[in-house]
Amino acid sequence: MQRKSNELLAGYCQFRPRFGRVRENLEGVIRALRQVRADLIVLPELPFTGYHFRDRSEALALAEDPRDSDTVAALARLCKRKRMHLVTGFAERRRDRVFNSALLIGPQGLRHVYRKLHLFKDEKSCFDPGDIDLSVQTVNDFRIGMMVCFDWAFPEVARTLALKGAQLLCHPANLVLAHCQQAMLTRSLENAVYAVTANRTGADRRPHGVLRFTGGSQITAPGGRLLHRAPAARAKIHVTALDMSAAGNKWLTPRNHLLRDRRPEFYLA
Ligand code: ACM
């Protein structure tokens, strides 16, 4: 695919991680991305460990410190070889704390860590809540923001990233409810941003219960347009050229600016 100067080749890799098989999941991702040409690929939430932890000690045991992680080192080598960036979910250990994080990794290695702010259901028993400000990073001169799965239910996250200049929301997910895909159309509409939601398929079958995930990874565009949606139950990689200049136009009508017309003095914090 030929890229123009205002375009970013961005996409996702949807697949079915096997719980606890970090090495096998990592090798599967590296194999799957071998032939892919992209500037930026988004992977699901917790794509190497799996999602349905029994408890906090199990999450801590499988988590890695990204500054000293074989998984991150292998992904950085992949990024260097392919001259691309990855945004990936990651079980992040920091001493005795453990976060459900997203990492930005590029050809030079780890670039940024975002720790999920809004933990979903039993994640509250397994992870520490995020403690790092939402921020915007540059990839090929374009501005991206990161959020993780259930952050979709808090429009403040996408809004804050848009106010900080994000043109593209990178959104690793392990979705179990049916609402997110629709909600992300609205996040794209109300902020005039692109969003890549990378979900997983299959189920985590654990002794303490089964969790099924809904696939349907998607790419949404300013105007609330759905550019692409994956099937619910099949592995899929999709890359598309995003005209990033479209995310610079925040006028919904000639007289309505999505960011400047806000009335924060009337909003609750
Ligand atoms: C979720 O936040 N993984 C539903």
Side-chain angles (χ1 to χ4, degrees), residues 12-22 25 29 42-56 58-60 62-64 86-93 97-104 113-132 134 145-161 169-188 195-206 208-220 229-233 235-236:
Y12 65 80
C13 173
Q14 169 174 298
F15 70 107
R16 174 162 64 110
R18 306 297 203 275
F19 187 88
R21 302 201 207 165
V22 173
N25 294 325
V29 166
V42 184
L43 299 176
E45 181 181 12
L46 300 170
F48 307 114
T49 56
Y51 178 84
H52 196 18
F53 296 99
R54 185 186 59 232
D55 54 23
R56 182 180 172 85
E58 190 176 54
L60 263 170
L62 280 167
E64 294 174 73
L86 287 172
V87 170
T88 181
F90 196 77
E92 184 204 358
R93 180 161 43 75
R97 295 188 300 160
V98 59
F99 300 96
N100 183 345
S101 296
L103 310 180
L104 173 65
V113 179
Y114 164 70
R115 295 170 170 165
K116 187 176 185 176
L117 289 175
H118 302 97
L119 298 175
F120 181 68
K121 287 183 79 182
D122 296 345
E123 289 176 33
K124 293 188 176 194
S125 311
C126 298
F127 292 103
D128 293 288
D131 59 354
I132 296 177
L134 293 159
M146 298 194 281
M147 51 190 278
V148 175
C149 204
F150 194 50
D151 285 333
W152 69 261
F154 299 83
E156 295 88 347
V157 172
R159 177 65 99 200
T160 300
L161 290 170
L169 307 178
C170 298
H171 183 209
N174 273 191
L175 297 165
V176 294
L177 303 178
H179 319 296
C180 171
Q181 283 88 344
Q182 196 63 27
M184 289 308 290
L185 291 170
T186 304
R187 298 294 94 82
S188 274
V196 177
T197 297
N199 194 16
R200 61 163 287 181
T201 59
D204 274 351
R205 294 173 200 285
R206 306 297 320 286
H208 57 284
V210 178
L211 267 186
R212 292 187 177 77
F213 304 93
T214 57
S217 297
Q218 68 179 22
I219 304 176
T220 58
R229 185 175 287 161
K236 174 96 184 159

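As the structure lists them, so they are numbered: ligands from 1, and atoms in each ligand from 1.
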| Residue pair Tyr51 / Glu123, side-chain donor-acceptor N/O under 3.5 Å | yes

| task | Can you see which heavy atom on Asn174 is nearest to which on Pro44, and at what distance? | result | ND2-CB, 3.9 Å

| request: Answer yes if the side chains of Asn199 and Thr214 hold a donor-acceptor pair under 3.5 Å, and no otherwise. | output: yes

| said: As a test of reading the model: which residues have a non-hydrogen atom less than 4.0 Å away from ligand 1? | reply: Glu45, Tyr51, Lys116, Phe120, Glu123, Cys149, Phe150, Asn174

| task | Flag the pair Phe120 / Asp151 as yes when at least one side-chain heavy-atom distance between them is below 4.5 Å, and no otherwise. | result | no

| said: With a 4.5 Å cut-off on side-chain heavy atoms, are Arg115 and Asp131 touching? | reply: yes

| request: Tell me, please, whether Phe19 has Arg205 positioned over its six-membered ring: NZ or CZ under 6.0 Å from the ring centre and within 45 degrees of its axis? | output: no

